[in-house]
Structures are given as structure tokens and as C-alpha cells.
Amino acid sequence: MRSEMIVCSTWEDGFYQYLPDIGVSDMDAEINRAVTDLMQEDLLCEEKGQPLRFKHYLYPPSALQIGEEMCFEPLVSICGVLADRTLNNRKASSNLVQEPRKYNMVETDGANFKVDAYLRLQQSTMPKMETTSEQHIADLAVPCEYKLKTKDAVQNRAQLLSAATFCMNDDPRRMHIYGITVEDSTMAVWYFSRSHSVKSPDFDFVEDPRRYIRIMLSLLFANEEELGYDQTVRRHLEREQKKIQNVCFVYQVGNRYFKTRKAIFDDRSLCITGRATRVWEAIEVRSFQNLQHVDKATPMVLKDVWLDSGSKTESENLRGVFDELKEIAKGLEKGGDEPEAFNGMEDGQKELLRQCLMKESWTQYFLSVVCDWQGRESKKVPEGAQHFPTLFDLPPSTSTPSSHPHADRSRATTSHPGNRLQPVEEQPPRHYRPKRQYRVVFSEVCEALHDVRTLQDVAIALRDCVFALQLMFVAGWVHRDISTGNIYAFTDPKSQSTRGILADLEYAKPFKPKDVEGSSDPKTGTAYFMAVEIQKQVHIYDPDWGKTPIRGYEWGSVISSELSNTGEAACQGKPKAPSFVLHNFQHDLESIFWIVLWTLLARFPPTQRSTEDKRKFKAELYSIFQNTSTYPPNRERVLTQEGNLESVLQTWVSGILQPITKELQVIRRVLKQAYIVRRFDIGDFSSYSWLYHEMRSMLASWVAWLSNMELPELTSCSSMQDPGPVAASSAVSSPNQVPVKREHSQSTASRSGDDQIFKVPRLPEATDVASSRPRHRKNSAQ
């Protein structure tokens with residue numbers, strides 16, 4: 001949250017731009033009317049020579065010598081009077097409720113939820129249920145947190161943040177959410193969105209009751225959409241087997257409507273900003289009110305996501321890749337020159353790609369877009385607002401003076417060089433570009449790789465996706481986000497055959513190595529499977545390695561002879577390393593390598609292990625796969641140091657799978673040698689072209705070997721968050737988003753956007769029959 005928080009220093013030119021615009025031309029006149037109403041109800045007073053005050057708050061709340069609940073209860077009566085009127089032909093959409101001991105009903109499993117007070121919608125967004133009358137979190141429009149002491153401000157903010165995060169994650173209808181914090185008489189209003197989160201200036205609601213009235217009128221009379229509820233998503237309650245009632249959602253995509261059947265992926269990050277991806281299995285219906293299926297309706301996949309405003313959508317990127325492939329196919333058909341990607345490629349590989357291009361059969365390796373839609377943008381940051389990363393930091397502690405009467409006081413005043421060092425900002429200020437909604441519907445209902453239950457189907461899906469990456473390579477595009485959540489296994493309903501599909505091209509873009517200088521490429525990807533160079537932002541190739549001849553290896557590649565002769569000849573001189581690492585084609589393939597290793601270790605662990613061996617295995621797994629933006633050192637050693645991967649595989653991979661681990665060791669050598677041979681010439685397409693054949697050959701041989709084996713199913717998903725030393729060894733990951741910590745180049749000339757996030761694998765958590773949406777973790781403010 002530190003990187004997404006900003007503070008407005010003013011109201012008129014600052015935070016008032018965030019408050020709902022309720023269409024009042026003369027707000028001062030409305031405030032005067034409200035003051036009169038409150039005085040008539042004996043809730044506001046103005047004695048001669050005394051400033052305007054709420055009757056119950058002539059003094060700050062902390063001076064009232066009563067409990068927190070009783071102290072802030074008069075605010076309910078004040079808001080009740082404000083809401084009991086008409087404002088610009090509007091009636092109040094919500095009212096203030098104070099129920100600090102009451103838990104709110106939620107849709108995601110695994111957490112309880114309550115707040116000190118909240119603005120509750122007067123007309124519920126939930127369909128009427130016969131089984132419960134509890135208050136649902138969906139109707140909690142504006143959470144409020146109270147504290148009697150100002151020293152508890154950080155705790156109060158954290159509690160509000162937790163509430164806001166929970167609401168945004170739990171409710172698919174939320175686009176943004178407001179919040180209120182009060183510490184003694186100090187009040188602040190908050191706005192949380194997918195682009196950024198902002199805090200208003202503090203003010204004293206005891207000293208300035210007119211500002212309190214102004215704020216509450218804006219919130220009380222805002223309509224649902226202005227409060228952050230998406231009007232293109234509706235809840236419905238369906239009956240199944242006459243008695244069971246299930247909540248579903250109907251999404252509008254352009255002029256079409258799709259009803260959800262079950263959740264495939266539901267992102268619930270600890271950060272509110274980001275893409276907030278939700279993926280559903282859905283079926284087309286006639287309208288919000290008519291849930292009858294349209295003619296010939298079949299199950300599809302609906303994806304709902306927030307993208308940087310101005311960035312390409314997945315559908316646009318797919319069209320970009322396909323258009324490039326079409327142009328290349330036309331050139332080949334006319335007998336033109338081969339594409340640059342064919343340089344250094346075997347004739348057999350060229351022919352395979354040429355056939356695919358001529359038949360235009362590349363679409364089978366990607367999802368088929370049925371329709372898509374772009375929605376509204378989030379609010380823009382006003383001028384003067386500033387990044388404020390310490391809003392949730394505890395104040396520095398003060399030392400207690402020594403109580404010993406004869407203590408040597410000079411010991412407390414000795415200096416240290418570190419006392420003169422100021423903390424350095426981890427990254428330059430963000431631009432906080434607005435985000436916009438994007439929805440896309442695909443025809444194939446697939447299974448994410450981390451949910452595929454047989455190792456053979458995993459190998460098939462990876463083999464086909466390597467070919468999809470090779471097609472993108474031919475088109476000159478990099479994917480930049482290869483993970484188990486972006487690779488799918490699709491089983492054809494007619495033939496029952498399985499094939500792999502590559503998805504999630506939001507981060508994909510044309511590869512332009514000449515743009516390296518003066519640019520700052522955001523670190524993207526899924527942390528568990530991110531290439532070492534991207535995660536570390538340092539090139540693997542070191543010019544000093546030229547002093548030591550590089551050993552040759554035996555494998556089928558036509559490049560093997562070149563690799564065995566690199567040595568000093570290939571590394572003469574000392575080329576200057578770029579100031580940062582640009583995502584290239586090999587980084588996508590390296591992610592495939594990490595997925596393969598992770599699958600062998602985490603999803604197929606031996607069952608017979610001692611307690612001590614299990615502990616060591618969990619530590620080994622954690623040393624390679626972590627949900628962090630900074631790279632684990634052992635991860636780099638596995639890729640670059642001879643014998644490290646071999647030791648890991650021999651020690652921890654199940655004995656029945658040992659025959660196929662040899663080829664993975666070869667692939668590791670291939671990847672490392674390719675980094676060395678390429679040096680810093682990342683624009684040399686011939687240095688990539690042969691890698692796809694090596695990777696696909698390994699996976700094809702796995703498919704053949706596994707077809708003759710009877711193996712148990714892969715380990716199912718765990719509800720643990722992180723496969724660390726204390727977590728389950730059977731951890732299975734799916735994407736999540738957290739703020740990135742990455743190195744930037746000195747230039748900011750072409751730093752683009754605020755997708756300065758990367759996806760951290762979060763475990764698809766257990767579900768039950770009551771909800772297909774995974775469980776939510778507690779303590780989201782931490």
C-alpha cells in the first residue's frame with residue numbers, strides 16, 4: 001500500500017474533486033439549510049460570542065470521559081437529520097449505522113468482518129434471501145473507523161484499509177470505495193481505487209462542523225454509482241434443487257449479458273490498486289432481469305480486469321500478433337524473404353512454422369475472443385497531491401532516559417555514521433495513471449495449468465504453449481507474463497483431446513531492442529516464474545567469464561558446436577552492459593523452465609518422508625520460489641551454477657520421475673549458454689530461434705514417456721499463501737498483485753504508466769459447496 005497512497009493538502013482544489021458530485025450548484029446554501037435543521041433538532045448550537053458547535057461535541061470526544069461507542073453515537077443522529085430531506089431532487093441513498101460489535105455477512109470464506117460504523121445503502125444491492133437477515137458487506141457503502149486517542153491514528157488507518165481492501169475484494173461490483181477515520185476530533189476522508197488511494201487533509205469536526213456537514217451531504221446523497229458500485233454488474237439469487245439458493249452475477253459486455261456459473265480465478269490482493277483480475281465461467285443470458293439463456297448458448301469464460309488507461313487490451317494485442325503473422329504468411333506465399341526469426345533455425349522447424357502460417361492455424365494456440373468492452377476510467381490525481389508512503393508507519397519510538405543516578409551520560413550521545421544517512425526512496429514517484437475497466441469473453445472453457453491434475457496434460461499444455469511463444473517470436477512480440485495462471489489446458493468436447501492455450505496478453509508488446517537506451521521497462525511477470533534477469537535487473541552474462549573456456553555439452557541442437565567453442569573467442573573485449581534489463585524472448589522461455597521445475601517439486605512430492613526431510617524440503621522449495629520482487633539468491637544458483645539443479649532434482653524429485661529430470665538439466669545448460677553467447681546483443685534473433693526447439697523437444701519426449709506410465713494425480717491446491725519453510729510442500733500458485741520493488745534507470749523520459757506491479761503467486765484456496773470463490777485471507781491491512 002505504501003506506493004499507492006497520496007495525500008491532498010487542500011480541499012477546494014484537492015479532495016473535493018474526489019467526493020461525489022451530487023449536482024448542487026450552491027453548496028453553501030444547502031449547508032445553511034442543514035445547520036438550521038440541526039439547530040431545530042437541538043443537535044447544533046451557536047451561543048453568543050461562541051463558534052458553531054455540535055451540541056454533543058462542545059469539547060473534543062476524548063474530554064467526554066465516556067466509552068468510544070457512546071462517544072461517537074451522536075453522529076448517527078446528526079446524519080439522520082441530514083438524510084431526512086431532499087437535496088437537488090435527490091433522496092439520501094444511505095444512512096449512518098453504528099454497529100461496532102456486529103459482524104457483516106461476506107461472500108468469500110475464511111474471515112469475519114466488522115467496523116465501528118458505516119454508511120449503509122437504504123436499498124440493498126443484495127437480492128432478498130430466505131435463509132438469513134444478516135447485513136451483507138455489499139451494502140456497506142462507506143466504512144468508518146473511530147478512536148478516542150490521536151496516538152492510535154496509524155492503527156485506525158490500518159483498520160480502515162483492511163475494511164476497504166476486504167470490500168473491494170469481496171464484492172465484484174466495487175469500482176472504488178470511500179472511507180472515514182476519526183481520532184478524537186480529527187477527521188479524514190479516504191478514497192480507494194484501482195489506480196491509487198488518497199487521503200483528505202485532516203480537519204477538526206468539533207471546530208469545523210460545516211465541513212463535516214459538507215462531506216456527509218456529498219456521501220449521503222450520492223447514488224450507487226457515485227459511491228463506487230458498478231451498474232454493469234448485478235447480483236441475482238438462483239434456486240437450485242428448489243431449496244438451495246446461490247448468488248450469481250450478471251455482467252454486461254457491450255450489449256450482451258453473461259451470467260456467472262463459477263469462479264475460475266478471483267484476485268484478492270493485499271493492495272487495492274492493480275488489475276484486480278476476475279475470471280468466471282459464464283453463459284450468455286437475455287438481460288439483467290431475464291436470466292433465460294440465449295439460443296444455442298454454451299459455457300464461456302468471462303474475464304474482468306482493470307488496465308492502465310491508454311494501454312492495449314488483450315484483444316488488441318492478440319490482433320496485433322495475428323496481423324503480424326498474416327503479413328509474414330503473405331510474404332512467404334509470394335516467395336519473399338524469410339522472417340528474421342528464421343535465422344539460426346533448423347529446416348524442420350522452419351517447415352513446421354511455415355505450414356502453420358500458410359494454413360493460418362495459429363489461432364488454436366490462443367483463446368478465441370467472442371466479444372469485449374471497455375468501461376469507465378478511474379479518477380485522475382489532482383495537481384498538488386503528493387505521494388505519502390508513511391501514512392501507515394508507526395511514529396518513531398523515543399528512548400527512555402536512564403534511571404540510574406550514576407550512569408555515564410556520554411554513552412547516550414556517541415555518534416555513528418549511520419545517524420547522518422537518510423533513508424532513500426525505493427523508487428521514483430509514480431505517475432498514477434487512471435485505470436479503466438476491461439471485459440473480454442472467450443469461447444474456450446479451459447483449466448489453468450496449476451489446476452491440471454495429470455503430469456501428461458501439464459506437459460502437453462506446456463509443449464503447445466512453447467509453440468505459441470515461438471509464433472509470438474516470429475511475429476516479434478514478447479509475452480512478459482508467463483505463469484501457471486496464463487497457460488491453459490483445453491479439452492475439446494467432441495474429440496476429448498487436450499491441447500495447450502496461451503492466454504493473458506495484457507502485458508504483451510512488440511520487442512524493440514533499440515529502445516533500450518533511455519527507457520525504463522516495468523518489471524512484469526509472476527514472481528515464482530519470473531526470469532532471473534528480470535527479477536534481479538542484472539544480466540547473467542559477465543564479460544569476465546571470457547577468461548575461462550566454457551565446456552561443451554551433448555544435446556541435439558545445431559547450436560551445440562557453437563556453444564562448445566564460445567570460450568575466449570566469443571567474449572573478446574568487454575562490452576558495456578546496459579543500465580537495465582529489457583524483457584526479451586528468452587525470459588519467456590525461462591519462465592517455462594521454472595514452471596516445469598516447480599511442478600516436479602511442488603505438485604509431485606514423494607509421500608514417504610521423515611519429519612526432518614519435510615522440513616528441509618520446504619526450506620529448499622522456499623529458497624527457489626518466493627512471492628517477492630527481490631530475487632532469491634539460490635534461484636540464480638539453480639540456473640547458473642553447474643551441479644546445483646542436479647542436486648535439487650536428485651534429492652527432492654520423486655524417484656519415479658528421475659528419468660525425465662536429465663532433460664531438464666540439459667535445458668538449464670541451454671538457457672545459461674544462450675545468455676552467454678548472446679552477451680548483450682539482445683536484438684540478435686538467431687540467438688533465440690533455436691531455443692524453442694530445445695524446449696519443445698524436451699516436453700514432447702515427456703509426453704511420449706508419460707503416455708506409457710500410470711502415475712498418481714498431481715497434488716491439489718493448498719489453502720496456504722506461501723510455500724515457505726512453514727508452509728505446505730504441496731503449494732500451488734496462481735497470480736496475485738503486489739507493489740513492485742525494482743531498480744530504475746536514471747532516465748525517466750519514457751517511463752510508462754503505473755503498471756509498476758508484478759504478480760505474486762497466491763495459492764488458489766479451498767472452496768466449498770457454498771461458494772466457488774476462494775477463501776479470503778484475514779488481516780489484509782498488515
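Owing to the predicted nature of the structure, the values given are computational and were not obtained by experimental measurement.
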- Query: Does the pair K303 and D504 meet the rule for a side-chain contact (heavy atoms from CB on, under 4.5 Å), with working shown?
  - Reply: CA-CA 10 Å; K303 181 177 179 179; D504 287 5; 2.6 Å; yes

- Query: With Y692, which of F473, F467, F585 fulfils ring pair (Phe, Tyr, Trp, His ring centres under 6.0 Å)?
  - Reply: F473

Is the distance from the ring center of [X] to that of [Y] below 6.0 Å?
| X | Y | value |
| --- | --- | --- |
| H539 | F680 | yes |
| F511 | W477 | no |
| Y541 | Y675 | no |

Checking [X] side chain against [Y] main chain: does a donor-acceptor pair fall under 3.5 Å?
| X | Y | result |
| --- | --- | --- |
| R668 | F593 | no |
| R499 | Q364 | yes |
| H587 | N584 | yes |
| T661 | L657 | no |

Which heavy atom of [X] sits nearest a heavy atom of [Y], and at what distance?
| X | Y | result |
| --- | --- | --- |
| L600 | W702 | CD1-CH2, 3.7 Å |
| E444 | I501 | CG-CD1, 4.1 Å |
| Q658 | L649 | NE2-O, 2.8 Å |
| W306 | A276 | CD1-CB, 4.3 Å |

- Sole residue of I540, L645, N644 in side-chain contact (heavy atoms from CB on, under 4.5 Å) with L639: I540

- Message: So that I can tick it off, tell me whether R669 and E642 are bridged by a salt bridge, with the cut-off set at under 4.0 angstrom between side-chain N and carboxylate O.
- Response: yes

Would you give the length of the straight line joining atom [atom1] of [X] to atom [atom2] of [Y], rounded to the nearest 0.5 angstrom?
| X | Y | atom1 | atom2 | answer |
| --- | --- | --- | --- | --- |
| E663 | M698 | CD | CE | 7.0 Å |
| N246 | R261 | CG | CZ | 12.5 Å |
| E314 | E506 | CD | CD | 4.5 Å |
| H450 | L714 | NE2 | CG | 12.5 Å |
| T498 | D492 | OG1 | CG | 9.0 Å |
| M345 | L352 | CE | CG | 9.5 Å |

- Under 30°, 30 to 60°, or over 60°: which ring-plane class applies to W652 and F617, parallel, tilted or perpendicular? tilted

- Would you check, one step at a time, whether the test side-chain contact (heavy atoms from CB on, under 4.5 Å) holds for N486 with S483? CA-CA 5 Å; N486 299 339; S483 75; 3.5 Å; yes

- Task: Evaluate side-chain hydrogen bond (donor to acceptor under 3.5 Å, both in side chains) for Q650 paired with E646, printing each intermediate quantity in order.
- Result: CA-CA 6 Å; Q650 289 180 353; E646 181 180 9; 3.2 Å; yes

- Start with the C-alpha gap between E590 and W594, add the side-chain angles, then the distance that decides, and say whether side-chain hydrogen bond (donor to acceptor under 3.5 Å, both in side chains) holds. CA-CA 6 Å; E590 187 186 323; W594 293 116; 2.8 Å; yes

- Task: Please test I487 against I482 for side-chain contact (heavy atoms from CB on, under 4.5 Å), starting from the C-alpha separation and ending with a verdict.
- Result: CA-CA 7 Å; I487 295 175; I482 297 298; 4.1 Å; yes

- Just checking, is any N or O donor in the side chain of R696 or Q349 under 3.5 Å from an acceptor N or O on the other one? yes

- Task: Tell me, with the steps shown, if Y688 and I682 meet side-chain contact (heavy atoms from CB on, under 4.5 Å).
- Result: CA-CA 9 Å; Y688 306 104; I682 63 172; 3.5 Å; yes

- Item | 4.5 Å side-chain heavy-atom contact, S623 and R635 | no

- R278 pairs by side-chain hydrogen bond (donor to acceptor under 3.5 Å, both in side chains) with which of D304, D266, T260? D266

